[in-house]
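Below is one structure, written out as structure tokens; the observations come after it.
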2 protein chains.
Amino acid sequence: MHKEHTLTKNQQIIFDLIDKSPEPMKAYSILFNVQKKGIKAPLQVYRALDKLVEIGKIHKIESRNAFIACHNSSCQMAKATAFSICEICEKVTEISNDSLSKYLANFKDKDGMKYSKYNLEFFGLCKKCKVK
Amino acid sequence: MHKEHTLTKNQQIIFDLIDKSPEPMKAYSILFNVQKKGIKAPLQVYRALDKLVEIGKIHKIESRNAFIACHNSSCQMAKATAFSICEICEKVTEISNDSLSKYLANFKDKDGMKYSKYNLEFFGLCKKCKVK
DNA sequence: ATTAAATTGTTATAATATAACAAAATGTAA
DNA sequence: TTACATTTTGTTATATTATAACAATTTAAT
Ligand SMILES: [Zn+2]
Ligand SMILES: [Zn+2]
Ligand SMILES: [Zn+2]
Ligand SMILES: [Zn+2]
């Protein structure tokens, strides 16, 4: 469950845009789309993105430098994220799987080190792209 | 086990540099370090990096835009990678763990989809940084 | 009201990565 | 070993992603 945060004006504008996008959005595409709402500079976008990532409302897809809204109630504050990425159509889905998240949250390396955070990206072909 | 590849001149120069670096290296730091060897342009570096990643001799740490040499005989051609990253000193270690790699290689999402490739990045504090 | 903290606006610049095209080196097969 | 295709290299320019620095404004607690 996400802690509730009151988003600021810029954060809300940018979150709404990402949230209604069917694909991950890149920062400068976001910028282009919100210029009519008065957000003119890259830094305004990046600041909002940083905050939204920090509070877990969006996630960054590291391999794509792109951002998607979180629709997964089990990922807490961006500390435990997993995604599937289609290498053809670039569709990205957040994975919500108890077994996986438990396995990773409890994973210890050979020195017994436990980690406070992880990000996992799976790559393959989505259903649509597989049949083609 | 890695398939053997004969590296080209630029690939070898850049691999040697990364291989002997104790930390992940960034592209423009690599460029700076190989300029005395005649590699003058970013594209020369990126081309070598692309190829080295493709054949599994190095890996890209996506969250850091940096590259490390592979020292893990079980990760094949960059298709299955896992790293631990210290959030203070930025030390990166490639994780070699049979249980983990089997678990992830066999992971199926709720639609029964299996993936051909994954990258996992764990974050936390390394031993040294933990005691401070 | 006072003050501290967070957010915003703005300009400039840094850092990361690719496009496009020509030349050279390398591999393959008559 | 010549002819041809493929890969690699060199080079210039440019695109994309992200942050520095600083002033002004808004918000939230005292
Ligand atoms: Zn999420
Ligand atoms: Zn697809
Ligand atoms: Zn490896
Ligand atoms: Zn450390």
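An end-to-end axis angle of 40° holds for the helix from dA1(C)-dT30(D) to dA30(C)-dT1(D), taken from five base pairs per end and rounded to 10°.
In the set dG10(D), dA18(D), dT16(C), the nucleotide with an atom closest to the side chain of Gln44(B) is dG10(D). With dT12(D), dA17(C), dT17(D) as the choices, the nucleotide that has an atom nearest any side-chain atom of Leu43(B) turns out to be dT12(D). Nearest nucleotide to the side chain of Lys51(B), out of dT18(C), dT8(D), dT8(C): dT8(D). Side-chain atoms of Thr8(A) lie closest to dT8(C) of the nucleotides dT17(D), dT8(C), dG10(D). Side chain of Ala41(A), nearest nucleotide from dT19(D), dT10(C), dT8(C): dT10(C).
Looking only at distances, a side-chain donor or acceptor of Ser101(A) sits under 3.5 Å from a matching main-chain atom of Asn97(A). Side-chain atoms of Asn106(B) come within 3.5 Å of backbone N or O of Lys102(B) as a donor-acceptor pair.
Look at CD on Gln11(B): it is 13 Å from C1' on dA25(C), rounded to the nearest Å. Note: NZ (Lys9(B)) to C1' (dT8(D)) measures 10 Å, nearest angstrom. Distance, Arg64(B) CZ to dA18(D) C1': 15 Å, rounded to whole Å. Between the CD1 atom of Ile39(A) and the P atom of dG9(C) there is a distance of 7 Å, rounded to whole Å. Atom CG of Leu31(B) and atom C1' of dT11(D) are 13 Å apart (whole Å). Taking atom NZ of residue Lys37(B) and atom P of nucleotide dG10(D), one finds them 14 Å apart after rounding to whole Å. Here dT26(C) presents its P atom at 12 Å from CG of Asn10(B), a figure rounded to the nearest Å. One atom, CG of Leu49(A), and another, P of dA18(D), lie 9 Å apart when rounded to the nearest Å.
In terms of heavy-atom proximity, Arg64(B) sits nearest to Lys26(B) at O-CE, 3.1 Å.
Residue Tyr28(A) places none of its side-chain N or O atoms closer than 4.0 Å to OP1 or OP2 of dT17(D). Dashed line: the shortest gap from a side-chain N or O of Asn65(A) to OP1 or OP2 of dA18(D) is under 4.0 Å. Between Lys26(B) and dT17(D) there is no side-chain N or O to OP1 or OP2 distance below 4.0 Å. For dT19(D), the OP1/OP2 oxygens have no side-chain nitrogen or oxygen of Tyr46(A) closer than 4.0 Å.
When hydrophobic side chains of Ile, Leu, Val, Met, Phe, Trp and Tyr are connected at separations under 4.5 Å, Ile61(A) ends up clustered with Ile68(A), Phe83(A), Ile85(A), Val92(A), Phe123(A).
Using a 3.5 Å distance cut-off with no hydrogens or angles, the side chains of Gln12(B) and Asn10(B) do not pair a donor with an acceptor. A side-chain N or O of Glu121(A) and one of Asn119(A) form a donor-acceptor pair less than 3.5 Å apart. The closest side-chain donor-acceptor pair between His59(A) and Glu94(A) falls under 3.5 angstrom.
Ring geometry, Phe122(B) versus Tyr115(A): the interplanar angle falls under 30°, so the pair is classed parallel (tilted spans 30 to 60°).
Residue order along DNA chain D, read from the 5' end via each residue's closest nucleotide, puts Pro42(B) first among Ala27(A) and Pro42(B). For the pair Phe67(B) and Ala48(A), both in contact range of DNA chain C, the more 5′-proximal nearest nucleotide belongs to Ala48(A).
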